Amino acid sequence: MAQLKRRQFLKNTIVSGLGASLMAPELQAKESLDQQSVEPETRYAPQSGKSKRVIVAGAGIAGLLCV
Amino acid sequence: MLQARVLPACCAYELMKLGHEVTVLEASGRHGGHVFTIRDGLSDGLYADGGAELFTKPGYERYWEYTREFNLPVLPYPCRHDMLRHVNDKFFTDDQLRDPQILKSFGLNDKEVKHMSQPGHTWWDLKYLYMQPYLDKFKDEYQPFGIGYDHLDTTPIAEIYKKEGASPAALRHLGGEKSSALQELWGAAILKKRGIKAIPTDVYRLKGGNQGLPDAFAKRLGARIKLNCPIRSIRNEKDHVAVTYRQFGEDKEIKADFLANCIPLPVFRKIPVTPAFSPEKQYVIDNVQYDTYAHFIFQASSKFWIDDGFKTINMQFGHPDIYEIWQMAEEVDTHRVVLLATGPGGVSPERALAGFRAAYPGKKDTIEQALVKDWTRDPFAPNCERLRHYPMGELKKFWPLIMEPAGRIHFAGSYADNLNWGQEAATRSANRVAKEIDMA
């Protein structure tokens, strides 16, 4: 196996690091979410564009689902 | 894009993931409401669903999506297979209830005997023989009006059965003298559209208990759920809602953009809301009726019914203290069994057991433990499902107003959908409310 020269190694890691930092935030988020076992709290933007405060009365199955 | 992404995914649960700020106020010390799995008092790892029992397929589409999303194992639930039914003071198997000679002995006419004796038909399918010609006019399962049947809300469904040629024996079995024909036909049309039988026999449950689903939601909601926080009053203002609740002996107030009411209406109607709802909405809140009952849990040391020559313990009784019984948690590795039964509230487990022993057609049982979850005495969730139908002639007073928001208060729960099936209606209406709030 060919030895990877130090200069080439640094170049590769810089480019891939730059690529990672330029990746769209939502893609970064998706990648990290894919590695999580528990569902994320925020994945998409609200349809209306504004996060709303909601009180749910009752923690039966409908109540839990409502959130 | 939202619709494409969310549907058929679960719109309601997506709301939290969409970034809305939510607080769940629960009056009792646990989440799940009527979805309640009992383990205390049972041996060998046995468990019993003391509340919501089962789900169907087809049907419960959103529920099934959640089971996949959370990797909840689903088991077939043979609680309606090989059932013994009590008809005219005798027990019959499902096969016997398809036997033309036995059906004729009940006084059913030739058309009814032919219908009921077909493979796959159950005792409960008889009404479809007479409803079938009416069902295809319902195009939208959420719209029972304007298809030429509005006048049938004041007609008893028994009149339809008579008109279509039902025998006196079938009329006695079907009843319907006080049920609205429009509402009965609408309910049957909804099931037909969803591809579900009147009483589905192939049903399912979650391994480990149906509380697995609310537990999965609660795990993800975390501290957003506040337990032991009964709501004391609600202000439904033009630009916000303010809710006063009790926590650790103190009244607290929180404000929000919207309130999703998921409390059963008989409990919700006791909470003061200002300004008052419209008289029409208040009528709905005050007059929706529910059924309620008790679940009895029997633990036995063996499958005693096998010794008595019965395939299963799935039985319906004509006894006032115990309606029906079946086995659950069959997959638990033990010689012991747990049996679930239903009966009226106010009956002690000992009395229910005595009722079982009086009604059971075998010689002996090995029941060693009797417990009860009496929903009629539950201070937080005393009601089970909304009654299947509203009073005859009053559908327009309730529908669709029952599921429409009032100001900033939206309504979800087993009462707030077109069909009264508990977990199905709860998941469907919760999805609807989440969408309403997200789009508002």
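Predicted model only: the values in this text are computed from it and were never measured.
Checked against the 6.0 Å centroid criterion, the rings of B/F55 and B/W421 do not qualify as a close aromatic pair. Ring pair B/H34/B/W375: centre-to-centre distance below 6.0 Å.
Checked for salt-bridge contact, B/D417 and B/R428 meet the test: a charged N lies under 4.0 Å from a carboxylate O. The pair B/D239-B/R408 does not meet the salt-bridge criterion, since no charged nitrogen lies less than 4.0 angstrom from a carboxylate oxygen.
Residue with the most contacts toward chain A among B/P264, B/A381, B/G33, B/A256: B/A256 (heavy-atom pairs, distance under 4.5 Å).
Interface remark: B/F411 contributes no atoms to any contact with chain A (heavy atom separation under 4.5 Å). Both the backbone and the side chain of B/I263 come within contact range of chain A, with heavy atoms under 4.5 Å apart. With a 4.5 Å cut-off on non-hydrogen atoms, B/L259 touches chain A through its backbone and its side chain both.
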